[in-house]
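Since the structure comes first, as structure tokens, the remarks are kept for the end.
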Number of protein chains: 2
Amino acid sequence: MAATTETGRSACAINLTLEVVGDKWSLLIIRDIIFGNRRHYRELLTKSDEGISSNILADRLKTLMEAGILTREDDPTHKQKGIYSLTEQGIELLPVLAQMATWGVKYLPVSEELGIRAQLLRDGGPKMWAEFMDELRETHLGIKRKRKAGPSVSERLRKAYEAVVAKRTGKRHHA
Amino acid sequence: MAATTETGRSACAINLTLEVVGDKWSLLIIRDIIFGNRRHYRELLTKSDEGISSNILADRLKTLMEAGILTREDDPTHKQKGIYSLTEQGIELLPVLAQMATWGVKYLPVSEELGIRAQLLRDGGPKMWAEFMDELRETHLGIKRKRKAGPSVSERLRKAYEAVVAKRTGKRHHA
DNA sequence: CATACCGATTGCATTTTGCAACTGGTTGCA
DNA sequence: TGCAACCAGTTGCAAAATGCAATCGGTATG
């Protein structure tokens with residue numbers, strides 16, 4: 001059967017996608033960039049719950065750049081820092097992450113504070129994803145978007161997360 | 001930060017999902033079951049474009065069963081054969097695959113014959129996915145569904161694929 | 001001018017993957 | 001009855017990916 005790629009696997013859309021982002025770390029890095037607004041190597045390395053190794057992170061950032069999902073430019077405020085940005089191609093991975101989050105929060109033991117964003121994103125549906133993607137286009141690609149009334153999606157996600165954390169902390173204080 | 005699972009990683013929905021299906025093979029196996037209607041070990045091993053090793057396949061099938069995504073029962077027609085079925089949890093991975101296929105067909109060099117299904121699924125949207133999932137519930141879980149007018153989603157996908165293959169073969173004959 | 005921070009890189013141990021041969025059993029057919 | 005083809009895996013081993021800790025040369029900060 002049709003095996004065409006260098007890995008000897010097929011030119012199927014799902015397979016090719018998995019060859020790019022189908023490892024344990026790539027989508028987690030993209031998640032941290034999208035939802036955690038991590039833009040620097042050091043932020044991705046330390047400000048995450050997952051504990052990726054520095055060599056793996058360096059390797060994945062390189063791979064994701066070669067795949068056209070990320071770009072890197074120098075940070076004008078610091079000669080050593082680089083700023084990683086999503087490309088349009090990278091931004092459009094959001095629906096994949098959203099579907100994974102929806103599935104995970106339904107079937108796996110997701111914590112309450114980390115699950116709230118997944119639920120919000122699920123309930124918001126493709127319309128909310130599109131709005132969020134427009135916000136990402138603004139911050140990562142510099143493409144101005146039409147101002148919407150009310151708080152942005154990223155603000156709403158952050159607020160919801162903080163509300164759950166506050167609630168739990170409060171509970172714990174009273175218990 | 002909150003690292004709770006046995007792997008030392010977080011209880012985030014996306015991370016937990018990736019810990020279950022975030023390897024190179026699991027989602028390909030599920031793809032073959034969903035879109036290729038593969039139900040036996042030997043079918044999954046040989047009737048795929050990817051060339052998975054028998055030990056890896058055995059290991060992943062075990063893992064996916066432990067994760068509650070697949071079940072296995074004896075085939076009454078053959079004492080050695082087992083029939084693998086999707087659970088509801090497995091069926092609900094379809095939207096994840098559909099989003100991956102949509103992304104892949106947009107950004108990666110997907111072949112025409114393998115891309116046609118991805119495009120159909122993208123254009124059909126969540127409504128078509130829901131219909132397909134109902135068909136899967138019937139074949140895998142034995143849950144009767146309301147008959148729809150016209151051909152099923154799986155038939156439509158198969159027909160579209162065959163049409164492209166026929167067209168290409170025809171072209172080649174004339175070229 | 002010392003200390004902390006910056007993006008990585010290196011060496012090495014462990015784990016996962018891939019390949020090919022093989023096992024014990026079943027089925028279909030002559 | 002016997003034999004070839006098929007069945008779902010298993011085994012041993014080599015190769016590749018991953019994970020960990022220490023380190024590197026350079027930069028900002030007090």
Side-chain angles (χ1 to χ4, degrees), chain A residues 1 3 5-10 15 18-29 32-33 36 38-67 70-85, chain B residues 1 3 5-10 15 18-29 32-33 36 38-67 70-85:
Chain A
M1 303 191 186
T5 60
E6 55 191 86
T7 62
R9 279 155 56 190
S10 82
N15 178 53
L18 287 169
E19 289 192 22
V20 177
V21 295
D23 68 282
K24 292 213 184 306
W25 290 112
S26 295
L27 286 175
L28 289 178
I29 292 169
D32 283 346
I33 295 175
R38 312 277 184 255
R39 305 293 296 272
H40 302 286
Y41 180 92
R42 195 60 50 164
E43 286 180 320
L44 288 163
L45 186 64
T46 59
K47 293 181 185 174
S48 175
D49 290 352
E50 319 295 354
I52 188 172
S53 299
S54 59
N55 53 347
I56 306 288
L57 175 59
D59 180 79
R60 286 306 176 281
L61 288 172
K62 200 178 66 174
T63 305
L64 290 171
M65 284 191 288
E66 286 165 1
L70 295 180
T71 55
R72 193 206 128 115
E73 43 194 317
D74 292 337
D75 184 334
T77 73
H78 190 303
K79 283 186 181 169
Q80 272 184 316
K81 275 188 180 173
I83 301 178
Y84 291 96
S85 299
Chain B
M1 303 191 189
T5 59
E6 56 190 87
T7 61
R9 278 154 58 188
S10 82
N15 177 52
L18 287 169
E19 288 193 21
V20 177
V21 295
D23 68 282
K24 294 214 184 303
W25 290 112
S26 296
L27 286 175
L28 290 178
I29 292 169
D32 283 346
I33 295 175
R38 313 276 185 256
R39 306 293 295 274
H40 303 286
Y41 180 93
R42 195 60 49 167
E43 285 180 322
L44 289 164
L45 187 64
T46 60
K47 294 182 184 172
S48 175
D49 291 351
E50 318 296 353
I52 189 173
S53 299
S54 59
N55 53 345
I56 306 288
L57 176 59
D59 180 77
R60 288 303 176 282
L61 289 172
K62 200 177 68 175
T63 305
L64 290 170
M65 285 192 287
E66 286 166 2
L70 296 179
T71 55
R72 192 207 130 115
E73 45 193 317
D74 293 337
D75 185 334
T77 73
H78 190 301
K79 283 184 182 171
Q80 274 183 315
K81 275 187 180 174
I83 301 178
Y84 290 96
S85 298

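Computed from a predicted structure; not experimentally measured. By convention in this document, chain letters (A, B, ...) are assigned in the order of the sequence lines, proteins followed by strands, and residues within each chain are numbered from 1.
- Counting only heavy atoms from C-beta outward, the side chains of A:Arg60 and A:Ile56 approach each other to under 4.5 Å.
- A:Tyr84 has its side chain out of reach of A:Glu73: every pair of non-hydrogen atoms, C-beta onward, lies at least 4.5 Å apart.
- The NE2-C1' distance, from B:His40 to D:dA8, rounds to 12 Å in whole Å.
- Atom-to-atom, CD1 of B:Ile29 to C1' of C:dT17 comes out at 13 Å; the value is rounded to the nearest Å.
- Across the protein-nucleic acid pair, A:Leu70 atom CG and C:dG7 atom C1' stand 15 Å apart, rounded to whole Å.
- Judged by distance alone, the side chain of B:Tyr41 and the main-chain N or O of B:Ser54 form a donor-acceptor pair under 3.5 Å.
- Looking only at side-chain heavy atoms (C-beta outward), A:Lys81 and A:Arg42 stay at 4.5 Å or farther from each other.
- To the nearest angstrom, P of C:dG7 lies 17 Å from NZ of A:Lys62.
- Looking at heavy atoms from C-beta onward, B:Ile83 lies in side-chain contact with B:His40 at the 4.5 angstrom threshold.
- The pair A:Asp32-A:Lys47 does not count as a salt bridge, with every side-chain nitrogen at least 4.0 angstrom from each carboxylate oxygen.
- We find that CZ of A:Arg72 is positioned 10 Å from C1' of C:dC6, with the value rounded to whole Å.
- Per the geometry, CD belonging to A:Glu19 stands 15 Å off P belonging to C:dT17, to the nearest Å.
- Atom P of nucleotide C:dT17 and atom CD of B:Glu50 are separated by 16 Å, given to the nearest angstrom.
- Put simply, A:Tyr41 has no side-chain N or O that comes within less than 4.0 Å of OP1 or OP2 on C:dT9.
- In this entry the distance linking CZ of B:Arg42 with P of D:dA8 reads 6 Å, nearest Å.
- A heavy-atom distance below 4.5 Å is found between the side chains of B:Asn15 and A:Glu50.
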Check the pair A:Arg38, A:Ser48 against side chain to side chain donor-acceptor pair (under 3.5 Å), reporting the backbone distance first and the verdict last.
CA-CA 9 Å; A:Arg38 312 277 184 255; A:Ser48 175; over 6 Å; no
Could you run down the sub-3.5 Å N/O contacts of the protein with nucleotides 15-19 of chain D?
unit_1, atom_1, unit_2, atom_2, d
D:dT18, OP1, A:Arg60, NH2, 3.1
D:dT18, OP2, A:Arg60, NH2, 2.6
D:dG19, OP2, A:Trp25, NE1, 2.7

Under the side chain to side chain contact (heavy atoms under 4.5 Å, CB included) rule, what do B:Ser26 and B:Leu64 come out as? Steps first, then yes or no, please.
CA-CA 8 Å; B:Ser26 296; B:Leu64 290 170; 4.2 Å; yes
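- Paired runs in DNA chain D that reach 3 or more consecutive Watson-Crick or G-U pairs, where each pair keeps both distances under 3.5 Å, cover C:1-30 with D:1-30.
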Polar pairs (N or O, both sides) under 3.5 Å between protein and nucleotides 21-28 of chain C?
unit_1, atom_1, unit_2, atom_2, d
C:dG24, N2, B:Gln80, NE2, 2.8
C:dG25, N2, B:Gln80, OE1, 2.8
C:dG25, N3, B:Gln80, OE1, 3.3
C:dG25, N3, B:Gln80, NE2, 3.2
C:dT26, O4', B:Gln80, OE1, 3.2
C:dT27, OP1, B:Lys79, N, 2.8

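- Contact annotation: the side chain of B:Ile29 approaches that of B:Leu44 to within less than 4.5 Å [non-hydrogen atoms, C-beta and beyond].
- Side-chain atoms of A:Asp74 do not come within 3.5 Å of backbone N or O of A:Pro76 as any donor-acceptor pair.
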